[in-house]
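Shown next, in structure tokens, is the structure this report addresses.
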There are 2 protein chains.
Amino acid sequence: MQKINQKIIAKKFGVSVSTVSRAMNDSHQISEPVKKKINSYIKKIKFQPNPHARSLRNMKTKTIAVLVPDIANSFFTLSLRGIEEVLHKNGYNLMIFQTNDQLETEKQIFNQLESGIVDGVLSACSSNKNGAIEHIMKLNEKIPVVFFDRFLKELPIPYVTTNNFEVSIEATDAILKECTDVFFVGISEKISVTAERLMGYKTALSHNKIAFDPKKILMFEDEASAYKKFKILLQNRKNKSAFFSTVERYTMELYKVCTELNIKVPDDIAIISFTNHPYIHLFMPNMPIVSMPSFDMGKMSTEILLTLIKKKKLLKPNYILPSTILY
Amino acid sequence: MQKINQKIIAKKFGVSVSTVSRAMNDSHQISEPVKKKINSYIKKIKFQPNPHARSLRNMKTKTIAVLVPDIANSFFTLSLRGIEEVLHKNGYNLMIFQTNDQLETEKQIFNQLESGIVDGVLSACSSNKNGAIEHIMKLNEKIPVVFFDRFLKELPIPYVTTNNFEVSIEATDAILKECTDVFFVGISEKISVTAERLMGYKTALSHNKIAFDPKKILMFEDEASAYKKFKILLQNRKNKSAFFSTVERYTMELYKVCTELNIKVPDDIAIISFTNHPYIHLFMPNMPIVSMPSFDMGKMSTEILLTLIKKKKLLKPNYILPSTILY
DNA sequence: CTGTTAGCGCTTTCAT
DNA sequence: ATGAAAGCGCTAACAG
């Protein structure tokens, strides 16, 4: 396999490497005919300049990294489509990392990214204000970081998220009409969006003059523990109860338990859930859902990131795209 | 922000850059004390060598690319977990590309990969034997390519797949017990796995002495056309019919139509489908499924790829991991 | 408009 | 055991 580089091309045309380089970079410094001649040859043989040499020289990689907790979550799957679309249009590549909501994993990835393999980072981060944030700030000194979905208000890092607080009030209000005994389901208060949603839940309760009961807050680290808890709760239930779930996969577990215990949704139990699963209404036909603008959030955060990478001014650092409740 | 490199470290210790480099690469050419001293400092300040300089020098990137048609497909989501696990263990990064089953997209990605941004490629390719394969062979001259799931028998490229033919016979046999009027649902005969599954379907028909009817073969390019066709078919149906679906998302569309037309599964219609969706039985409790060993296929293909990247000998070029039917 | 040259940060050969 | 120096392929400052 014949390896090819600018030197070889230069030799072929009897010019210098810089002329080839300039042709490829569409420089104004060289004559049109030469430029055209070289470029048409380059196109013909499909020559691509060595990206490492270019990166080494330019300190640019034309690649960005995305950190998500879980690629299987429909919200992130859809966001990734939006992200990909924008990147592709701009000639950027995408590197995807899963954190599984492990702070240690996240830290490790952030550290790794400091080596310079990417030009920017999109992060739906697991960190919280109390926890470690140094890794984020440290990376952000080198390359731009943009949060999407999850974010940290305290940090001077742009973010694109949704109106978690408001839509959670609305969601809780809606379900309170069915039943006043509402459980809140989440992952951890440490996650920004969960905290906001919980706040919305509490606010709605207070609007409706319902006492807040800490026992109604259910936070789970994994599906298995969610399942177990739901099973116990529903086996021992006395009155109709309701669930406001902020985690798609836990909603699935809840529904699984309902099926097993032959509990009918929405007659015996009321559920409202955050989800972007395209077929959710096939399994849970009557469940109202909170649908996030995943695709647009992905697109917008990527556009912001690219703006920062190009060192252009941001019109606004933060964007909040509204979610909608579908009944 | 103070940028750091081997030169700076060398200066700090009053040694040369090559000594630092050798220390970092654990060379036997330098004394233990010096090596230890330098490395402990490097660890302390978490210095990471510039990956582009390294790649440029070594022609290695420690990154591999994965091409999948659709990241949202549960099979690929799970495979990616397996892939990630192996890569992570070996200090490799992952670049994910979606082809959306577009040959043009695939070609473009393959071309792009020729520039040398990755050390190897894992591909669930959309190409077919009749179509263009030059882009695959061309890339494979430069870096190793391994197929997973979809493959091209004709090419000298290792693959990891499942027993599509056999399990499709089994699946068709199973559904034939319910009903002899079986439709086959797929994407395109051009895709290797679809061709194999179709062959299994035909074989089972012939075993059962049922005439093959080309009208029973339903191939769709997207969800919308699948939906439309299913709707027409089921609205006009006379007898009980059955479907052997090889595409998860089309199964969802089929089920959607059933719900809309109030057709009961499995009483009014029999369905068996390939899927790895973790919650599939929540919506379709009684539907038998063909479950692929996604995670293991991802792991194994990655191990093969890494073996090739290290230029080691492969024990066996091709692996077929069996799928299982869950009733 | 074009060529020469230096240098991005690293590894490795060659010399000591 | 260590250092000097070359060079991976590219871009850009400088010179003409």
Side-chain angles (χ1 to χ4, degrees), chain A residues 1-39 41-42 45-63 91 112 114-119 142-143, chain B residues 1-39 41-42 45-63 91 112 114-119 142-143:
Chain A
M1 192 207 67
Q2 169 63 32
K3 95 172 138 187
I4 190 140
N5 57 30
Q6 290 184 345
K7 203 163 139 195
I8 294 176
I9 296 174
K11 203 170 289 171
K12 180 181 171 71
F13 286 98
V15 294
S16 73
V17 235
S18 28
T19 303
V20 177
S21 172
R22 284 193 263 253
M24 294 186 63
N25 291 297
D26 197 27
S27 160
H28 295 290
Q29 297 184 62
I30 60 170
S31 70
E32 276 305 320
V34 175
K35 196 196 283 186
K36 210 164 269 175
K37 194 173 62 179
I38 295 177
N39 278 328
Y41 177 68
I42 279 170
I45 64 163
K46 285 186 187 151
F47 169 66
Q48 302 189 67
N50 184 309
H52 308 301
R54 197 171 240 183
S55 299
L56 180 59
R57 200 44 244 240
N58 295 342
M59 299 301 175
K60 285 266 165 265
T61 67
K62 281 282 190 171
T63 301
Q112 195 187 130
E114 274 193 53
S115 70
I117 45 176
V118 297
D119 294 343
K142 295 198 182 177
I143 55 174
Chain B
M1 190 208 68
Q2 169 64 29
K3 95 174 139 185
I4 189 139
N5 56 29
Q6 290 185 345
K7 201 164 142 194
I8 295 176
I9 296 174
K11 203 171 285 170
K12 182 181 168 71
F13 286 98
V15 296
S16 73
V17 239
S18 19
T19 304
V20 177
S21 171
R22 284 194 263 254
M24 293 186 63
N25 292 296
D26 197 28
S27 160
H28 295 289
Q29 297 185 63
I30 60 171
S31 69
E32 276 305 319
V34 175
K35 196 196 285 187
K36 210 164 269 173
K37 195 174 60 179
I38 295 177
N39 277 328
Y41 176 69
I42 279 170
I45 65 163
K46 285 187 189 153
F47 169 65
Q48 304 190 65
N50 183 308
H52 307 300
R54 199 170 238 185
S55 298
L56 181 58
R57 208 31 249 239
N58 296 340
M59 298 302 174
K60 285 263 164 268
T61 66
K62 281 279 189 177
T63 301
Q112 194 187 131
E114 274 192 53
S115 70
I117 44 177
V118 297
D119 293 345
K142 295 198 180 174
I143 55 174

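Remember, predicted model here, so these are calculated numbers, not experimental data.
Taking 4.5 Å as the limit, some side-chain heavy atom of A:Leu56 sits within range of a side-chain heavy atom of B:Asn50. Side-chain contact between A:Val15 and A:Val20: present, with at least one pair of heavy atoms (C-beta onward) separated by less than 4.5 Å. Side chains of A:Gln6 and A:Met24 form a contact here, defined as non-hydrogen atoms less than 4.5 Å apart. Side-chain atoms of A:Lys62 and A:Arg54, non-hydrogen and from C-beta on, never get closer than 4.5 Å to each other.
Heavy-atom nearest nucleotides on DNA chain D were determined for B:His28 and for A:Arg54, and the one closer to the 5' end corresponds to B:His28.
Rounded to an integer number of Å, the gap from CG of A:Leu56 to P of D:dC10 is 12 Å. If you take CD1 of A:Ile30 and C1' of C:dC1, they are 9 Å apart, rounded to a whole angstrom. Whole-Å rounding puts the A:Gln6 CD to C:dT4 P distance at 15 Å. For B:Ile8 and C:dC8, the CD1 to P distance is 11 Å, given to the nearest whole Å. In this structure, A:Asp26 atom CG and C:dC1 atom P are separated by 13 Å, rounded to whole Å. Here D:dC10 presents its P atom at 13 Å from CD1 of A:Ile38, a figure rounded to the nearest Å. The interatomic distance linking B:Lys36 (NZ) with D:dA1 (C1') rounds to 17 Å, in whole Å. Separating the NZ atom of A:Lys11 from the P atom of D:dG9 is a distance of 12 Å, rounded to the nearest angstrom.
Between A:Ser16 and A:Thr19, the side chains place a donor N or O and an acceptor N or O closer than 3.5 Å (distance only, hydrogens not considered).
At the heavy-atom level, B:Gly14 lies under 4.0 Å from the strands shown only through sugar-phosphate atoms. Backbone-only contact: A:Met59 has heavy atoms under 4.0 Å from sugar-phosphate atoms and none from a base.
Under a 3.5 Å cut-off, the side chain of B:Asn5 and the backbone N or O of B:Ile8 do form a donor-acceptor pair. A donor-acceptor contact shorter than 3.5 Å is absent between the side chain of B:Asn25 and the backbone of B:Ser27.
A close approach under 4.0 Å does not occur between any side-chain nitrogen or oxygen of A:Ser55 and OP1 or OP2 of C:dC8. A close approach under 4.0 Å does not occur between any side-chain nitrogen or oxygen of B:Ser31 and OP1 or OP2 of D:dA1. In this model, the phosphate group of C:dG9 is approached by a side-chain N or O of B:Asn5 to a distance below 4.0 Å at OP1 or OP2.
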Write out a two-atom table: protein N or O, nucleotide N or O from nucleotides 12-16 of chain D, distance below 3.5 Å.
{"unit_1": "D:dA13", "atom_1": "N6", "unit_2": "A:Arg22", "atom_2": "NH1", "d": "3.4"}

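Across C:dC10, C:dT4, D:dG9, the shortest atom-to-atom separation from the side chain of A:Ser16 is found for C:dT4.
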